[in-house]
Amino acid sequence: MVWFLICLVLLIAAIVAYFIIKNKNFNNDLEAALRRNHFSNKYKVYDMGSSNIHLVQDCTQDKLGLIDEKSSKFITKLYSGFTVGDCISDNKSLVAIDHDRQDVFIIKKSSNNLSTRFFNKDQIVSAEINEVTDKKTKVLTKVNRGSQLAGAVIGNALAGGAGLIVGGVTASKTSTTKEKEYVNKVELKLNVEDTRDPIVTIELLELRVKKDSMMHRNALKKAEYWNGIFKALIHMSK
């Protein structure tokens, strides 16, 4: 038992040391890449989930860089005319919003490809929030360019035709069933004007958890926020 605890402590120490060294190496490579590309000392890094892809935004210049940790260049692409106001991502996709320009920047990663695309608000066709349980997949809320449709909403509450998740962050108190329901996934799905790749999906929750648990409710809070952003963009495009 003692040897097991010693081995466990050593393993944890090795893992912590690995991540400390990895983070230090990343910061050193980033600083060198920023200097090469004439970034200022004020910047912000946005992670694409736990992948090796990141965005770096120069906070004083109109400059945005795409970081690939596995590339010798490190910062592989530079962009201008876009300022990240908000960003959401998982390991396969990243969606960033420029609030002032009302534009959207999308990164998608596959096994052998990394694509980057810019869209204005007029090119967003629809946005929806889906929830996957053990029994079914349901649309919590959906907004289209031509019309706004609210689907089955958590908490059995709808905000008229506005499509907002009203009961999404409140645990249900009226359930009469004794069987506890589980949620496997909460996702944001965008449809954009691109016939080659029209669908972008961001997993807000990809873990089997109890319905109305803290993780589930946090995912719904994030879903409600991003649903509101895309609803506003679609509304302003009319």
Side-chain angles (χ1 to χ4, degrees), residues 43-59 64-69 77 79 81-110 114-132 137 139-145 148 151 153-154 163-165 168-169 183-194 197-207 209 213-237:
Y43 59 88
K44 187 171 183 179
V45 177
Y46 299 89
D47 300 326
M48 184 169 161
S50 58
S51 72
N52 58 291
I53 304 300
H54 315 266
L55 280 179
V56 56
Q57 174 76 63
D58 193 315
C59 297
L64 183 68
L66 179 64
I67 298 172
D68 184 348
E69 292 183 46
K77 293 183 180 180
Y79 309 94
F82 189 94
T83 301
V84 178
D86 271 302
C87 182
I88 187 171
S89 68
D90 58 18
N91 292 334
K92 296 180 180 179
S93 302
L94 180 146
V95 176
I97 303 292
D98 185 327
H99 292 299
D100 294 331
R101 297 180 177 91
Q102 298 174 1
D103 290 337
V104 180
F105 180 42
I106 295 174
I107 304 174
K108 288 189 71 174
K109 180 183 179 182
S110 62
L114 184 68
S115 66
T116 59
R117 296 172 292 167
F118 289 91
F119 297 94
N120 60 46
K121 62 180 182 295
D122 300 322
Q123 295 174 299
I124 303 171
V125 179
S126 67
E128 66 183 66
I129 301 296
N130 297 326
E131 182 184 78
V132 181
T137 298
V139 179
L140 298 183
T141 180
K142 181 174 183 177
V143 57
N144 297 301
R145 185 186 299 165
Q148 296 175 13
V153 182
I154 294 295
L164 288 178
I165 305 174
V169 298
V183 176
N184 300 314
K185 183 184 296 185
V186 176
E187 64 180 15
L188 166 70
K189 182 180 289 186
L190 300 180
N191 191 331
V192 294
E193 287 187 348
D194 186 342
D197 193 5
I199 303 298
V200 182
T201 302
I202 300 287
E203 308 294 348
L204 303 173
L205 174 68
E206 197 173 11
L207 181 69
V209 299
S213 65
M214 183 63 70
M215 291 184 67
H216 179 223
R217 287 154 62 186
N218 287 340
L220 288 176
K221 284 182 181 180
K222 188 178 291 186
E224 184 175 25
Y225 175 76
W226 281 92
N227 175 75
I229 288 177
F230 286 107
K231 179 189 169 187
L233 290 175
I234 291 173
H235 178 76
M236 288 186 289
S237 70

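Quantities reported herein were computed from a predicted structural model and do not represent experimental measurements.
Formation of a donor-acceptor pair under 3.5 Å by the Ser89 side chain with backbone atoms of Asp47 is found in this model. Judged purely by atom type and a 3.5 angstrom limit, Thr83 has no side-chain atom pairing as donor or acceptor with the backbone of Asp98. Judged purely by atom type and a 3.5 angstrom limit, Gln57 uses its side chain to pair as donor or acceptor with the backbone of Val84. Distance alone, capped at 3.5 Å, is enough to place a donor-acceptor pair between the Asn91 side chain and the Ser50 backbone. Using modelled atom types, one side-chain atom of Gln123 and one backbone atom of Asn120 make a donor-acceptor pair closer than 3.5 Å.
Contact detail for Val125 and Val192: the closest heavy-atom pair is CG2-C, 4.0 Å. In terms of heavy atoms, Lys189 sits closest to Glu187 at CE-OE2, 3.9 Å. For the residue pair Gly85 and His99, the shortest heavy atom distance occurs at CA-CD2, 3.7 Å. Looking at every heavy atom in both residues, His216 comes nearest to Val183 through NE2-CG2, 3.6 Å.
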Review point. What's the verdict on side chain to side chain contact (heavy atoms under 4.5 Å, CB included) for Val104 and Leu233, showing C-alpha distance, side-chain angles and the deciding distance?
Key: CA-CA 10 Å; Val104 180; Leu233 290 175; 4.1 Å; yes
Practice item. Before giving the answer on side chain to side chain contact (heavy atoms under 4.5 Å, CB included), spell out for Ile53 and Leu66 the whole-Å C-alpha distance, their side-chain angles and the decisive distance to 0.1 Å. Key: CA-CA 7 Å; Ile53 304 300; Leu66 179 64; 3.8 Å; yes
**Study point:** From CA spacing to verdict: side chain to side chain contact (heavy atoms under 4.5 Å, CB included), Leu55, Leu94
**Key:** CA-CA 9 Å; Leu55 280 179; Leu94 180 146; 3.7 Å; yes
Exercise for review: Please assess Ile97 against Trp226 for the test side chain to side chain contact (heavy atoms under 4.5 Å, CB included), listing each intermediate value before the final yes or no.
Suggested key: CA-CA 10 Å; Ile97 303 292; Trp226 281 92; 3.4 Å; yes
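Below 30°, between 30° and 60°, or above 60°: for Tyr79 and Phe118 the angle between ring planes is above 60°, a perpendicular geometry.
The structure places NZ of Lys231 at 10.5 Å from CD of Glu224, a figure rounded to the nearest 0.5 Å. The distance from atom OG of Ser51 to atom NZ of Lys92, rounded to the nearest 0.5 Å, is 11.5 Å. Note: Thr137 OG1 to Glu131 CD = 9.5 Å, rounded to the nearest 0.5 Å. With values rounded to the nearest 0.5 angstrom, Asp68 atom CG is found 10.5 Å from Met48 atom CE. We find the OG-CG distance between Ser213 and Asn218 to be 8.5 Å, quoted to the nearest 0.5 Å. Atom CG of Leu205 sits about 14.0 Å away from atom CD1 of Ile202, to the nearest 0.5 Å.
Here the rule is salt bridge (Lys or Arg N to Asp or Glu O under 4.0 Å) with Lys108, and of Asp197, Asp194, Asp90 only Asp197 fits it.
In this structure, the side chains of Leu204 and Ile88 come closer than 4.5 Å at one or more pairs of heavy atoms. The shortest side-chain heavy-atom distance between Asn52 and Lys109 falls under the 4.5 Å cut-off. Side-chain contact between Leu188 and Phe230: present, with at least one pair of heavy atoms (C-beta onward) separated by less than 4.5 Å. The closest side-chain heavy-atom distance from Asn130 to Val186 is not below 4.5 Å. Annotation: side chain of Leu114 is in contact with side chain of Ile107 (closest heavy-atom distance under 4.5 Å).
Side-chain polar atoms of Asn191 and Lys142 form no donor-acceptor pair below 3.5 angstrom.
At most 12 heavy atoms of other shown residues, nucleotides or ligands fall within 6.0 angstrom of atom NZ in Lys222.
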